[in-house]
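Written out below as structure tokens is the structure these notes cover.
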Amino acid sequence: MNAPEKPPTATPESFGAYSRYYDLLYQDKDYAGETEYIRSLLSRFAPRANHILELGCGTGKHACLLSQEGLHVTGVERSDEMFAKASERVIENNASSRGRVEITQGDARSVRLKQTFDCILSLFHVFSYQTSNQDVAAMLTTAKTHLTDGGVFIFDLWYGPAVLALLPSTRVKRMEDEHTEVLRIAEPTLDANRNVVDVHYTMLVTDKSDSSVKKLSESHRMRYFFAPEIELFAQSAGMRVIHSEQWMEAAPPSQATWGVTFVVENLG
């Protein structure tokens with residue numbers, strides 16, 4: 001499995017240069033399949049959900065796809081560049097989805113909106129960017145504050161047993177479109193005493209119009225979690241874990257599954 005990034009400090013504010021090429025780097029990501037997976041989770045754990053909050057919505061692809069299925073989605077994104085891209089996508093999307101997506105800039109740990117939601121989503125390991133106990137508690141408080149009684153918080157994260165069994169490794173990825181080619185090298189460092197992985201990204205970006213190449217570097221820190229931790233964090237926030245499974249699969253978490261989905265219920 002891929003491993004995201006970060007050394008001395010952490011969290012999504014490190015998405016600077018990286019965010020400029022985010023959509024290109026993940027153009028092979030199965031957003032449609034993931035949206036279907038999310039819908040299946042909603043049908044199982046929040047069948048009456050109509051209004052969704054997505055914490056860390058990135059460039060807005062999941063939010064827009066969910067809106068096209070009839071859901072009302074409010075996305076929150078911290079990164080300036082991600083927020084700008086998501087805003088552009090939402091404008092285009094809302095022409096066909098009847099304005100069912102809203103986007104706002106904010107931090108998953110501290111944003112406060114004047115409404116509640118049937119379900120909250122946080123996808124693509126945003127939860128694992130919460131590297132301190134304070135970060136985790138703050139994000140769960142945000143979820144608790146914005147959930148209706150009995151509403152659910154669905155998120156995926158790096159799963160500790162798999163991270164320690166499989167171990168992070170250096171990864172190289174090359175993606176291109178008609179204008180740009182990006183070669184990304186991800187070099188992880190595991191800190192098993194802190195339950196984090198620092199991933200340093202080096203990107204070589206080629207402009208096809210003149211063959212010029214620029215080098216970009218960025219680091220992200222990711223935390224991996226164990227089930228008892230999530231249960232304790234949820235309990236402390238007035239919530240409870242009601243389900244966990246392999247991301248995109250209905251199978252129990254295991255040492256072979258780096259990405260695991262948790263479903264946490266608001267106890268009211």
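- The side-chain heavy atoms of V126 and F155, taken from C-beta on, include no pair separated by under 4.5 Å.
- Using modelled atom types and a 3.5 Å distance limit, the side chains of Q115 and H146 yield no donor-acceptor pair.
- The hydrophobic cluster containing I154 also contains I242, counting ILVMFWY residues as joined when their side-chain heavy atoms lie under 4.5 angstrom apart, directly or transitively.
- Interatomic distance, Y21 OH to E181 CD, rounded to the nearest 0.5 Å: 12.5 Å.
- Closest heavy-atom contact between S217 and T202: OG-OG1, 4.3 Å.
- Heavy atoms only, all atoms of each residue included: F83 and T104 are closest at CE1-C, 3.5 Å.
- For the pair Q246 and Y37, the tightest heavy-atom approach, listed with the atom from each and the gap, is O-OH, 3.4 Å.
- Y31 and L24 end up in the same hydrophobic cluster when Ile, Leu, Val, Met, Phe, Trp and Tyr side chains are linked at under 4.5 Å.
- With rounding to the nearest 0.5 Å, the separation of CZ in R174 from OG1 in T206 is 9.0 Å.
- Using a 4.5 Å cut-off between side-chain heavy atoms of Ile, Leu, Val, Met, Phe, Trp and Tyr, with links allowed through other members, L216 and L204 fall into different hydrophobic clusters.
- Remark: R100 does not engage E69 in a salt bridge, criterion side-chain N to carboxylate O under 4.0 Å.
- Without hydrogens or angle criteria, D156 side chain to G259 main chain gives no donor-acceptor distance under 3.5 Å.
- With a 4.5 Å cut-off on side-chain heavy atoms, L167 and L190 count as touching.
- Between R223 and E229 there is a salt bridge, since a side-chain N of the basic residue sits under 4.0 Å from a carboxylate O of the acidic one.
- Transitive grouping of hydrophobic side chains (ILVMFWY, heavy atoms separated by less than 4.5 Å) keeps V196 and W158 in distinct clusters.
- Listed for the S211 side chain is no donor-acceptor partner under 3.5 Å among the backbone atoms of D207.
- Under the 4.5 Å side-chain criterion, counting only non-hydrogen atoms from C-beta, V213 is not in contact with V205.
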Worksheet item: Run the side-chain contact (heavy atoms from CB on, under 4.5 Å) check on R44 and H243 step by step: do they pass?
Response: CA-CA 10 Å; R44 291 157 64 193; H243 184 70; 3.2 Å; yes
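- A donor-acceptor pair under 3.5 Å is formed between the side chain of R89 and the backbone N or O of T59.
- Note: I103 CD1 to S87 OG = 5.5 Å, rounded to the nearest 0.5 Å.
- Side-chain contact check for V197 versus V163: some heavy-atom pair is nearer than 4.5 Å.
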Discussion item. Applying side-chain contact (heavy atoms from CB on, under 4.5 Å) to L267 and D149, what does each step give before you reach the verdict?
Written reply: CA-CA 6 Å; L267 297 178; D149 290 351; over 6 Å; no
Item to complete: Could you go through the salt bridge (charged side-chain N to carboxylate O under 4.0 Å, His left out) check for R112 and D107 one step at a time?
Response: CA-CA 9 Å; R112 294 295 181 268; D107 190 315; over 6 Å; no
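- Here the closest non-hydrogen pair linking V172 and L183 is CG1-CD1, 3.6 Å.
- Not a single donor-acceptor pair under 3.5 Å links the side chain of T74 to the backbone N or O of E102.
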Worksheet item: Would R109 and R78 satisfy side-chain contact (heavy atoms from CB on, under 4.5 Å), going step by step from the backbone distance to the final call?
Response: CA-CA 10 Å; R109 297 167 297 183; R78 179 173 183 169; 2.4 Å; yes
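- Ring pair F225/F233 is perpendicular by interplanar angle, where above 60° counts as perpendicular and below 30° as parallel.
- Using a distance-only test at 3.5 Å, with no hydrogens or angles considered, a donor-acceptor pair links the side chain of E77 to the main chain of S79.
- Between the CD1 atom in I230 and the OH atom in Y159 there is a gap of 10.0 Å [rounded to 0.5 Å].
- Note: the hydrophobic cluster containing L55 does not contain V101 (ILVMFWY, side chain heavy atoms under 4.5 Å, direct or indirect links).
- Scanning both residues, G106 and V76, for their nearest heavy atoms gives O-CG1, 3.4 Å.
- Tested against L53 for a side-chain contact (heavy atoms from CB on, under 4.5 Å), the candidates L113, V111, L147 yield a single pass: L113.
- Between the side chain of N266 and the backbone N or O of T148 there is at least one donor-acceptor pair closer than 3.5 Å.
- Without hydrogens or angle criteria, T257 side chain to V260 main chain gives no donor-acceptor distance under 3.5 Å.
- Residue L42 comes nearest to C119 through the heavy atom pair CD2-SG, 3.5 Å, listed as atom of the first residue, atom of the second, then distance.
- Taken from CG in N195 to OG in S128, the straight-line distance is 10.5 Å, to the nearest 0.5 Å.
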Practice prompt. Could you go through the side chain to side chain donor-acceptor pair (under 3.5 Å) check for S219 and H200 one step at a time?
Written response: CA-CA 4 Å; S219 291; H200 181 71; 2.7 Å; yes
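- Atom CD of Q235 has 12 or fewer neighbouring heavy atoms from other residues, nucleotides or ligands inside a 6.0 Å radius.
- Residue Q255 qualifies as open at atom CD: its count of foreign heavy atoms under 6.0 Å is 12 or below.
- Considering only heavy atoms from C-beta on, H179 stays 4.5 Å or farther from K208 through its side chain.
- Taking the ring centre of F124 as origin, the terminal cationic atom of K29 falls inside the region bounded by 6.0 Å and 45° from the ring axis.
- To the nearest 0.5 Å, atom CD1 of residue I38 and atom CE of residue M248 are 8.5 Å apart.
- With hydrogens and angles ignored, the 3.5 Å screen pairs a side-chain donor or acceptor of D177 with a backbone N or O of T180.
- In this structure, I52 and F117 have side chains that are not in contact, with every pair of non-hydrogen atoms separated by 4.5 Å or more.
- A salt bridge links K173 and D28; the closest N-O separation between the charged side-chain nitrogens and carboxylate oxygens is under 4.0 Å.
- Residues L41 and T261 are in side-chain contact: their nearest non-hydrogen atoms beyond the backbone lie under 4.5 Å apart.
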Discussion item. Show, in sequence, the C-alpha distance, side-chain angles and deciding distance for L66 and T35, and conclude whether the side-chain contact (heavy atoms from CB on, under 4.5 Å) test is met.
Written reply: CA-CA 7 Å; L66 287 167; T35 300; 3.7 Å; yes
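- A 4.5 Å side-chain heavy-atom check between V241 and V263 finds every atom pair outside the cut-off.
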Item to complete: Evaluate side chain to side chain donor-acceptor pair (under 3.5 Å) for S67 paired with N93, printing each intermediate quantity in order.
Response: CA-CA 9 Å; S67 77; N93 174 83; 2.9 Å; yes
